[in-house]
Asker: 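My questions all concern the structure below.
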Number of protein chains: 2
Amino acid sequence: MKIPKPTVRRLGLYYRCLARYKEEGVNFVSSQDIADRLNIKPSQVRKDLSYFGEFGKRGLGYNVSKLISEIARIIGVNKEWNVAIIGAGNLGSALANYPGLAKHKFNVVAMFDNDRQKVGKKIAGIPVFHISELNQKVKELNIEMAVIAVPESAAQYVAELVEESGIKGIVNFSPIKLRTNIPVEDVDITLSFETLAYMILKNSPVNIQQEEQV
Amino acid sequence: MKIPKPTVRRLGLYYRCLARYKEEGVNFVSSQDIADRLNIKPSQVRKDLSYFGEFGKRGLGYNVSKLISEIARIIGVNKEWNVAIIGAGNLGSALANYPGLAKHKFNVVAMFDNDRQKVGKKIAGIPVFHISELNQKVKELNIEMAVIAVPESAAQYVAELVEESGIKGIVNFSPIKLRTNIPVEDVDITLSFETLAYMILKNSPVNIQQEEQV
DNA sequence: TAGATTGTTAATCGATTAACAATC
DNA sequence: TAGATTGTTAATCGATTAACAATC
């Protein structure tokens, strides 16, 4: 069955939402409960879950602990992932320093750069290797995901190296569309700022963009 | 007229794509040219642009420079934006150090935290103020956007402070859905890793999740 | 049993794409 | 004029939501 992309993303939201309920000592929740916290419709929650099985009890709702472990299995949160960051510049270093990743079992085990100055150093305790060592280290350290945090001009080339190395997926922070045969998730920070800028302008009373006014 | 959200986001992509064409010395491009680089359909490009006006010439395509400035006007890239980062922890500091923002005229002019240890210091040259000074500094420095980079537990409260301060929009890096009356753009890094994890698992030959197999 | 809530179908909504007349 | 490409309409596709029978 074809799973909608937004459903997969929401699964992650459900997971966190349920984790919070668990912390609060709640044992059973309804689709309505979850939907309220996430500002969506309860039928959306039920529909999303129904792609993967029947996890609830009619009249009762969902067992929080059980649903957490089901979702964890589905989105692969019950396993640890070894991650390489390609590009030891500002953004790459920032991600290496970001504890949110390790917290969710995405372990950054290596960084790669083509700058010999950086190779051999450590950033946030993570060793920086030369990009030519990629293939070897991927096998040695069992790396499954790559973060691409290199300049736009190098991104496509790096993506090809990553794919050849046997890495299985990419989180792409560069602002271009990568052409690969492995899954890519784009995180485009600047684009988010630009989208916000548009929304602010659209909201503002003095508005030159006549066309969009309702 | 109602503009689809994905259209607004693609406008930013068009802008960058056109900037590249301009650098390459290209004066006219067709919707096909743009679509090819972004891996989308040419009719999508034309449809998106048509929400805002008629920018092309039949038989010829679009004048690159002209279209760049039209899109810049629409998405507010032709103006500078003053930005505050709330939360001077790992993520906040990383964003302060990230030159990609200033490059796109999003100027981080202040950071805020509730930790008195951090207040008065500078991070990447940007002064850190106590959160209680928010209202005053927003006026003083003409801040229009806030980045929320505080822990989940504080995010909703901070969002309310931000809204009251007169800031017009939020880029939210915390993993919760904020309830505000101003526009919010969510950047959920962990969710992107989780979505990638799902896609890798789905692709892999040994797959316990029978339901999703085609 | 009565009340609650699921899982699922069908209806609706929104976004993408194909097709083509208009026109440079 | 002939060829190319736009702007726009209509068709298609995909995702969300409402509704409700099933059932705890």
Side-chain angles (χ1 to χ4, degrees), chain A residues 1-14 17-18 21 26-68 70-71 74 177 195 198-199 211-212 214, chain B residues 1-14 17-18 21 26-68 70-71 74 177 195 198-199 211-212 214:
Chain A
M1 200 195 317
K2 173 78 181 54
I3 314 290
K5 189 78 188 292
T7 293
V8 176
R9 226 177 148 76
R10 278 192 299 268
L11 244 34
L13 294 175
Y14 300 156
C17 179
L18 289 161
Y21 271 117
V26 178
N27 291 323
F28 269 85
V29 292
S30 68
S31 56
Q32 180 79 62
D33 294 331
I34 297 173
D36 283 349
R37 289 218 175 161
L38 299 175
N39 252 350
I40 59 177
K41 296 283 185 304
S43 52
Q44 174 89 269
V45 176
R46 298 201 298 277
K47 176 95 210 178
D48 284 342
L49 295 175
S50 77
Y51 287 112
F52 303 94
E54 307 193 0
F55 306 123
K57 284 224 192 325
R58 285 162 148 95
L60 254 176
Y62 301 88
N63 176 306
V64 172
S65 298
K66 178 162 170 279
L67 190 51
I68 285 178
E70 291 286 359
I71 294 178
I74 295 166
K177 188 85 208 149
T195 307
Y198 169 82
M199 293 195 297
E211 297 92 353
E212 309 132 50
V214 185
Chain B
M1 200 196 318
K2 172 79 181 56
I3 315 290
K5 189 78 187 293
T7 292
V8 175
R9 223 177 151 76
R10 277 192 299 268
L11 243 34
L13 295 175
Y14 300 156
C17 180
L18 289 161
Y21 272 116
V26 178
N27 290 322
F28 269 84
V29 292
S30 67
S31 56
Q32 180 78 62
D33 295 330
I34 298 173
D36 283 349
R37 289 219 175 157
L38 300 175
N39 252 351
I40 59 177
K41 295 285 186 302
S43 52
Q44 176 92 80
V45 176
R46 297 200 299 278
K47 176 95 211 180
D48 284 343
L49 294 175
S50 76
Y51 287 112
F52 303 96
E54 306 193 359
F55 306 124
K57 285 224 192 325
R58 286 163 147 96
L60 254 175
Y62 302 88
N63 176 306
V64 172
S65 298
K66 179 164 169 275
L67 191 51
I68 285 177
E70 291 286 359
I71 294 179
I74 295 165
K177 188 84 206 152
T195 306
Y198 169 83
M199 292 195 297
E211 298 92 351
E212 311 132 48
V214 185

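Proteins get letters first, then strands, A, B, ... in listed order; numbering begins at 1 in each. None of the values given here were measured: they were computed from a predicted structure.
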Asker: Would you say a side-chain N or O of A:R46 is under 4.0 Å from OP1 or OP2 of C:dG7?
Answerer: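 No.
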Asker: Phosphate oxygens OP1/OP2 of D:dT5: is one of them under 4.0 Å from a side-chain N or O of B:S31?
Answerer: no
Asker: The side chain of B:K2 is closest to which nucleotide in this list: C:dA15, D:dA15, C:dG7?
Answerer: C:dA15
Asker: Which of these passes side-chain contact (heavy atoms from CB on, under 4.5 Å) with B:Y62: B:I68, B:L49, B:N27, B:L18?
Answerer: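 Of the listed residues B:I68, B:L49, B:N27, B:L18, the side-chain contact (heavy atoms from CB on, under 4.5 Å) partner of B:Y62 is B:L49.
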Asker: Quickly work out the A:K47 NZ to D:dA19 P distance and round it to whole Å.
Answerer: 16 Å
Asker: Looking at A:Y51, does any N or O in its side chain come under 4.0 Å of the phosphate oxygens OP1/OP2 on D:dT16?
Answerer: no
Asker: Would you mind reading off the distance between B:F52 atom CZ and D:dG7 atom C1', rounded to a whole angstrom?
Answerer: 15 Å
Asker: Between B:D36, B:V29, B:I34, which is the residue that forms a side-chain contact (heavy atoms from CB on, under 4.5 Å) with B:Q32?
Answerer: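 Filter result, single survivor: B:D36.
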Asker: Specify the separation, in whole Å, of atom NZ of B:K41 and atom C1' of C:dT16.
Answerer: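 Rounded to the whole Å, the gap is 9 Å.
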Asker: Quick one: do A:I71 and A:F52 satisfy side-chain contact (heavy atoms from CB on, under 4.5 Å)? Show the steps, please.
Answerer: CA-CA 9 Å; A:I71 294 178; A:F52 303 94; over 6 Å; no
Asker: Is C:dC24 paired to anything, Watson-Crick or G-U wobble with both distances less than 3.5 Å, and if yes, which nucleotide?
Answerer: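 Looking at the geometry, C:dC24 pairs with D:dG3.
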Asker: To the nearest Å, how far apart are B:R58 CZ and D:dT6 C1'?
Answerer: 5 Å
Asker: Rounded off to whole Å, could you give me the CZ-to-C1' distance for the B:R10 and C:dT16 pair?
Answerer: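 Those two atoms, CZ and C1', are 8 Å apart.
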Asker: Whole angstrom is fine here: how far is it from CG in A:L38 over to C1' in D:dT16?
Answerer: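 The answer, rounded to whole Å, is 15 Å.
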Asker: Which whole-number value in Å describes the distance from B:K66 NZ to D:dT6 P?
Answerer: 13 Å
Asker: If we ignore hydrogens and angles and just use 3.5 Å, is the side chain of A:D33 paired with the main-chain N or O of A:S30 as donor and acceptor?
Answerer: yes
Asker: Applying a 3.5 Å limit to both distances, which nucleotide forms a Watson-Crick or G-U wobble pair with C:dT9?
Answerer: D:dA18
Asker: From the list C:dT17, D:dG7, C:dA15, which nucleotide is the closest neighbour of the side chain of B:S43?
Answerer: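 Of C:dT17, D:dG7, C:dA15, C:dT17 is nearest to the side chain of B:S43.
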Asker: Checking A:N63 against A:F28 for the side-chain contact (heavy atoms from CB on, under 4.5 Å) test, could you report, in this order, the C-alpha distance in whole Å, the side-chain angles of both residues, the deciding distance, and whether it holds?
Answerer: CA-CA 5 Å; A:N63 176 306; A:F28 269 85; 3.9 Å; yes
Asker: Name the residue closer to the 5' end of DNA chain C, choosing between B:K5 and A:S50 according to the nucleotide with the nearest heavy atom.
Answerer: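 Whichever sits nearer the 5' end wins; that is A:S50.
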Asker: What is the distance, rounded to the nearest whole Å, between atom CD of B:E54 and atom C1' of C:dC24?
Answerer: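 B:E54 atom CD is separated from C:dC24 atom C1' by 13 Å.
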Asker: Considering every strand and a 4.0 Å limit on heavy-atom distances, what is the contact class for B:F55: base, sugar-phosphate, or nothing?
Answerer: sugar-phosphate
